[in-house]
Amino acid sequence: MKTEDFRKHAHAMVDWMADYLDNVDQYPVRSQVRPGEVAGQLPAAAPEAGEDMADIFADFQRIVVPGLTHWQHPRFFAYFPSNSSPPSVLAEMLMSTVAVNCLMWETSPAGTEMEEVVIDWLRQLTGVPEGWRGVIQDSASSATFCAILTAREQATGWRANEQGLPICPTLAVYTSDQTHSSVEKAVTMSGIGRENLRLIPSDDNFAMRVDELERRIAEDKAAGIVPACVVASVGATGVGGVDDLRAIGELCQREQMFLHVDAAWAGSAMILPEHRDLIDGLELADSFIFNPHKWLFTNFDCTAHFVREPDHLIRTLTILPEYLKTREGSVVSEFRDWGVPLGRRFRALKLWFVMRSFGAEGMREIIRNHIAWTNDLAGWIAAEPDFEITSEPVLGLLSFRYVPDGVTDADSLDDLNDRLTLAVNDDGRLYLTKTKSKDRTVIRWTIGQTRTTREHVRQSWDITKDIARGLA
Ligand code: PLP
């Protein structure tokens, strides 16, 4: 493509992007295509001859856009949010254009040095303890994997990497029954083994039961198993369970166990000092992760991974083949040694753009609003006798159920709420997801989109009530 054509198409696409963001609320939130509908419109093999960009872009609008679920829609209340914002998109455009690989300092000093600076800005903004250092990973799943590997190395006296697991004692990892599946994945990938993952029951408030944790640790020790790591959640995926970091941290210190804290969604809200009680005791942990790509206006992918002892993470993951040795290697940070992939995107740029463009106060105001509207929504739900709140708001998440008169048995209520979720999402004006909580179907509602207003929440609640009452 010639430069003048690149310029022409780029301008046209930027116009499309701005219009899309202004009009994203005109689309059904969840894509309404049927399985196979997108693939059926694509040729089975790549074209032999190059095609015109105007045609490719037209097909993007015709084929791809209907097959999108619009995560930036202001009535997207499903899963957890996956934020974007104009400053972040602009940074992504520049990042794609310079297309550097920040695998080490020398391959783009600006990438490494900006990452060190902006991750420390984030540390200060969220109240992560002084002296901790951070790195940007691609996902919470990767960061948790790195944490579990570090815990494994510490618990085996750094022998597992060198000699392999067969010569090591059996290790155990503890987490609550509310924890995200990425922990189970990390435990399997690290070779610790699914059978050695202990799912500790949670209490009525969805927090890990520390008495049960203590009991399982003692039981394992008595059986000759080495308790290696606890993974605590702050804002677990189902209904936002928050574990008691101080109590768990004190136990981990007594038992010399690694404590990893997964706050993938809730961590962004720690920019609000009034909610830092959720991470009280964090100084007792070894690592802490959260996703600015969930709730801090930064495009996917961007996970902040903070560690108390960076040397332990680096010792676990470092590799230095001859072709990666550089003159400055010993005096600069080499983030390739802090994670799994060698190649790294320049993710710090989008955080830099976002934090400078919004300012800390600008970001706080939006998240404060999301939390306030979640409390408003809880009030509206509680005021309707045929609905019930099934978990109180945790920051920007609550869950509820439709419980009309006359439907009393538990399975019928589950079925009705399954059908309600489907009906709302087929309608397309908003998007909700469901989960099981205490073995019953509940509907989750998360408020966290960059463009959501209180009016969007109010309208969406009215739509939900109407659809529910139509079903009954
Ligand atoms: N941890 C929690 C609490 C989550 O809610 C999620 C995803 O929603 C994850 C981890 C996994 O995040 P990622 O997609 O960044 O791997």
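Note that ligands are numbered from 1 as they come in the structure, with each ligand's atoms numbered from 1 the same way.
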Results of ring pair (Phe, Tyr, Trp, His ring centres under 6.0 Å) for Trp338 - residues two or more places apart only: Phe335
Once ring pair (Phe, Tyr, Trp, His ring centres under 6.0 Å) is applied, do any residues pair with His293, and if so which ones, sequence neighbours excluded? Phe300
Would you mind checking if Arg246 and Glu283 are paired as a salt bridge, meaning a charged N to carboxylate O distance below 4.0 Å? yes
So, Glu214 and Arg254, do they make that salt bridge, N to O below 4.0 Å? yes
Between ligand 1 and the protein, find all N/O pairs closer than 3.5 Å and give the distance for each.
{"unit_1": "ligand 1", "atom_1": "1 (N)", "unit_2": "Asp262", "atom_2": "OD1", "d": "3.3"}
{"unit_1": "ligand 1", "atom_1": "1 (N)", "unit_2": "Asp262", "atom_2": "OD2", "d": "2.6"}
{"unit_1": "ligand 1", "atom_1": "5 (O)", "unit_2": "Thr237", "atom_2": "OG1", "d": "2.9"}
{"unit_1": "ligand 1", "atom_1": "8 (O)", "unit_2": "Lys294", "atom_2": "NZ", "d": "3.2"}
{"unit_1": "ligand 1", "atom_1": "15 (O)", "unit_2": "Ala140", "atom_2": "N", "d": "2.8"}
{"unit_1": "ligand 1", "atom_1": "15 (O)", "unit_2": "Asn291", "atom_2": "ND2", "d": "3.0"}
{"unit_1": "ligand 1", "atom_1": "16 (O)", "unit_2": "Ala140", "atom_2": "N", "d": "3.4"}
{"unit_1": "ligand 1", "atom_1": "16 (O)", "unit_2": "Ser141", "atom_2": "N", "d": "2.9"}
{"unit_1": "ligand 1", "atom_1": "16 (O)", "unit_2": "Ser141", "atom_2": "OG", "d": "2.6"}

Check: Trp132 ring centroid to Phe288 ring centroid under 6.0 Å: no
Could you name each residue pair satisfying salt bridge (Lys or Arg N to Asp or Glu O under 4.0 Å) that touches residues 175-185, not counting sequence neighbours? Glu184-Arg194
